[in-house]
Amino acid sequence: MSAAMPGTDGATRERVLRIALPVLALGLAVVAWDLVVRLAALPPYVLPGPGLVVRTLFDNAGVLFGSLGVTLVTTAEALALAVVGGVGLAVLFNQARAFEYAFYPFAVILQVTPVIAVAPLLLIYLPQPLAVLACAWIVAFFPVLANTTLGLQSVDRNLVDLFRLYGASRWQTLCVLKLPAALPADAGRHPHRRRAGADRRRGRGNRRRFCRRRLGTGVPHRGSWLPARYSPHVRGAAVVVAGWYRHLFPAHRAELPRPAALA
Amino acid sequence: MIRDAAAPLVSLRGVGKTYANGVRALDGFELDVRKGEFVSLLGPSGCGKSTVLRLVAGLAPPTSGTLASIHSDSGTIGFVFQEPTLMPWASVADNVALPLRLSRMPDAAKTDRVARMIDRVGLSGFASAYPRELSGGMKMRVSLARALVTEPALLLLDEPFAALDELTRFKLNDDLLALWRALGTTVVFVTHSVFESVYLSQRVVVMTPRPGRVAREIAIDAGAARSEDFRTSTDFAQLSRAASDALRAAMQEHAAA
């Protein structure tokens with residue numbers, strides 16, 4: 001990790017550090033955990049050591065990984081439903097103010113109600129897998145709704161005026177302006193994808209500046225074009241939604257042939 | 001230079017505009033803009049210049065008086081804001097194509113017109129670049145191309161070059177004049193720069209602040225001789241002084257009132 005390493009520039013070193021440091025820290029934490037358990041002679045029912053945890057993981061692999069599968073599927077389903085419901089409702093709110101005034105409080109109530117309080121009721125009302133799905137959905141739904149609502153409202157006022165000036169329909173304003181604006185800057189135009197030739201160095205500079213501004217970090221990752229106020233699962237979902245949106249509305253792609261080089 | 005002295009393209013008679021918060025932006029505002037004219041509205045910040053443009057564009061209704069303008073729906077009015085106001089997720093070509101896209105022009109015709117307009121504002125080779133890759137002046141050129149791509153009868157510019165450095169601004173002033181001459185568009189240009197208004201326009205309308213009213217009109221009779229020479233000529237200096245005096249008088253009048 002020294003600067004004298006052949007072919008190591010600042011960026012590579014930073015990347016190595018960003019991987020090596022957390023791995024190292026995690027390793028030290030596990031060692032400390034193990035030492036505490038051994039030195040204090042803690043019984044496993046108070047705190048099992050890392051070795052025992054790993055052994056149990058292997059011994060009961062069938063049950064545990066089966067459960068993991070169920071959890072992951074439920075998570076994915078709940079996220080998908082939350083995205084559909086959240087984005088759909090946000091668009092509805094945006095199009096009809098009265099509707100937003102009437103129903104936004106419901107969304108807030110849903111959000112502030114502890115899941116643990118409604119879970120027993122849901123288990124009575126619904127069959128068990130569906131009740132679990134509903135619980136996961138409640139958790140995921142509100143951030144999607146809130147962030148999309150905010151995104152749809154944060155459109156440049158002048159651009160809205162421009163659309164009015166050209167007599168754009170509600171539908172055009174929604175699809176061409178508000179939805180892309182709600183997916184924060186450069187969705188699908190992820191700088192990762194546009195680095196080639198002479199543009200390469202500048203692209204990297206832009207990307208890093210972009211990430212620093214948006215996330216307060218110097219290193220981009222998946223969904224890094226989203227502002228930091230978005231929680232990780234919303235970012236993940238937005239990456240998926242952005243991909244689909246660009247697939248469904250390809251009009252955002254350049255319509256003219258790309259010039260040989262950008263001066 | 002007045003190409004059609006008949007009916008004005010835009011006519012405001014005793015127009016007043018009071019906003020919901022009680023601010024009287026305009027009061028008894030009178031303005032005629034004839035076809036093919038280049039008119040500047042000159043005044044300090046917050047004197048209702050932008051309000052005039054918004055009314056003319058049909059983006060807001062006047063609260064009193066009568067206003068005759070052209071209908072804006074089909075791209076007959078181009079508008080350039082103080083900021084470039086581009087869609088950051090769309091390429092230069094897509095941004096310029098926006099008005100045509102909104103009017104549902106077929107793709108083939110659109111592509112050709114967009115490419116021509118991009119060339120015209122001097123951005124050849126940048127069609128697929130993104131706004132974040134461009135300088136402030138280049139972004140403004142994209143904004144100008146977008147406003148002109150529908151070949152509008154009327155072009156409204158709201159302090160478009162205020163945020164640019166002087167050299168870039170001079171260059172864009174010259175390019176705007178060249179475009180105006182080539183396309184024959186009627187232009188209403190809002191600025192708080194005395195020199196810019198005198199350099200560009202055939203007529204400078206000096207406004208008083210709060211409520212906005214016409215204080216004085218100054219005709220700039222420099223024909224087609226707008227170039228670096230005009231900028232350093234004594235004519236230009238005298239006209240600038242006249243406009244500057246009118247502006248100061250307008251502001252004092254306001255302060256005394």
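Predicted model, so just to flag it, every value in this text is computed and none were measured. Within every chain, numbering begins at 1; the chains are lettered A, B, ... in the order of the sequence lines, protein sequences first and strands thereafter.
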Given heavy-atom pairs under 4.5 angstrom as the criterion, report whether the side chain, backbone, both or neither of [X] touches chain A.
X      : value
E83(B) : side chain
F81(B) : side chain
R54(B) : side chain

- Does any donor atom in the side chain of S197(B) or S40(B) lie under 3.5 Å from an acceptor atom in the other side chain? no
- Interchain contact, D156(A) with chain B, by part (heavy-atom threshold 4.5 Å): side chain
- What part of S169(A) is in contact with chain B, defined as an atom under 4.5 angstrom from a non-hydrogen atom: side chain, backbone, both or neither?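 Answer is side chain: those atoms of S169(A) sit under 4.5 Å from chain B.
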- Task: Return the orientation label for the Y104(A) and F142(A) ring planes: parallel under 30°, perpendicular over 60°, tilted otherwise.
- Result: tilted
- Item | Under-4.0 Å salt bridge between R116(B) and D119(B) | no
- Side-chain ion pair, E166(B) and R169(B), N-O less than 4.0 Å: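 No salt bridge links E166(B) with R169(B).
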- K139(B) and L134(B): which non-hydrogen atoms are nearest, and at how many Å? CE-O, 3.4 Å
- Message: Quick check for you: among L86(B), V92(B), L102(B), which has the greatest number of heavy-atom pairs under 4.5 Å with chain A?
- Response: L102(B)
